[in-house]
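To start, the structure itself, in structure tokens.
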Amino acid sequence: MPVSAGTSTESDLAITDHTRRPVTSRPRWSLAKPPGRARCRAFCITRARRATVPDLRRFAVHTARRWAISKDPYDTLALVVSELVTNVVLHSGSPDVALLITFDGVALTVEVTDSGRWLEYDAGAPTLEGRASFGRGLELVRAYSSWCTVLATAAGTRVTAGIPVI
């Protein structure tokens with residue numbers, strides 16, 4: 001997800017996806033059947049802001065409903081998407097976040113990608129309550145998914161998790 005900016009103001013920030021179409025602050029999504037193994041695919045890229053978390057959570061659950069997936073994984077899907085997108089918003093410094101959901105007939109795969117840098121948690125948080133509210137997101141994702149991988153590079157971070165449907 002290349003990011004370019006003509007000036008330093010956020011309103012002038014231009015984000016493009018892999019097809020080089022400009023993306024505004026409104027989420028952009030696509031529902032398509034890809035070639036190969038996955039039967040269904042949904043993609044959304046948008047700016048990384050706090051309001052993005054519930055937007056992408058709703059997008060994920062709406063997508064699962066549209067694909068006629070049983071209701072069983074809806075709560076897990078919403079939790080995984082919420083935690084991964086929250087990590088981008090709070091910890092990456094990325095101006096954008098991308099969500100890819102695929103369904104192969106057996107499991108949902110959730111992939112969240114950003115173009116930021118992994119920001120270390122400040123251990124000098126002023127209160128115990130402040131420290132207690134951080135550090136559980138990926139553990140929750142690992143607990144609720146059948147598998148989870150994290151790939152952090154200089155170009156950004158990609159976290160992928162599998163959620164069984166059957």
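Both backbone and side-chain heavy atoms feed into the values below; hydrogens, waters and symmetry mates do not.
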Approximate separation, where rounding is to 0.5 Å, of [X] [atom1] and [Y] [atom2]:
X: His62; Y: Tyr74; atom1: NE2; atom2: OH; answer: 10.5 Å
X: Phe43; Y: Leu99; atom1: CZ; atom2: CG; answer: 8.5 Å
X: Thr160; Y: Leu84; atom1: OG1; atom2: CG; answer: 9.0 Å
X: Thr52; Y: Ile45; atom1: OG1; atom2: CD1; answer: 11.0 Å

Do Thr102 and Arg41 have side-chain N/O donor and acceptor atoms under 3.5 Å apart?
->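 Distance-only check fails for Thr102 and Arg41.
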What I'd like to find out is whether the side chain of [X] reaches to under 4.5 Å of the side chain of [Y], using heavy atoms alone.
X: Ser115; Y: Pro95; result: yes
X: Arg39; Y: Asp104; result: no
X: Val159; Y: Thr149; result: no
X: Asp55; Y: Thr46; result: no
X: Ser145; Y: Thr76; result: no
X: Leu108; Y: Trp67; result: yes

Any idea which heavy atoms bring [X] and [Y] closest together, and the distance?
X: Arg50; Y: Val89; result: N-CG1, 3.8 Å
X: Leu77; Y: Ile163; result: CA-CD1, 3.8 Å
X: Ala154; Y: Arg117; result: O-NE, 3.3 Å
X: Arg142; Y: Cys148; result: CG-CB, 3.9 Å
X: Glu83; Y: Val141; result: CB-CG2, 3.7 Å
X: Ser70; Y: Pro73; result: O-CD, 2.9 Å

Quick check: does any side chain N or O of Ser146 sit under 3.5 Å from a backbone N or O of Gly162, one acting as donor and the other as acceptor?
->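 Such a contact is found between Ser146 side chain and Gly162 backbone.
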Please confirm whether the backbone N or O of Thr157 pairs with a side-chain atom of Asp114, one donor and one acceptor, at under 3.5 Å?
->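 Judged by distance alone, yes, a pair lies under 3.5 Å.
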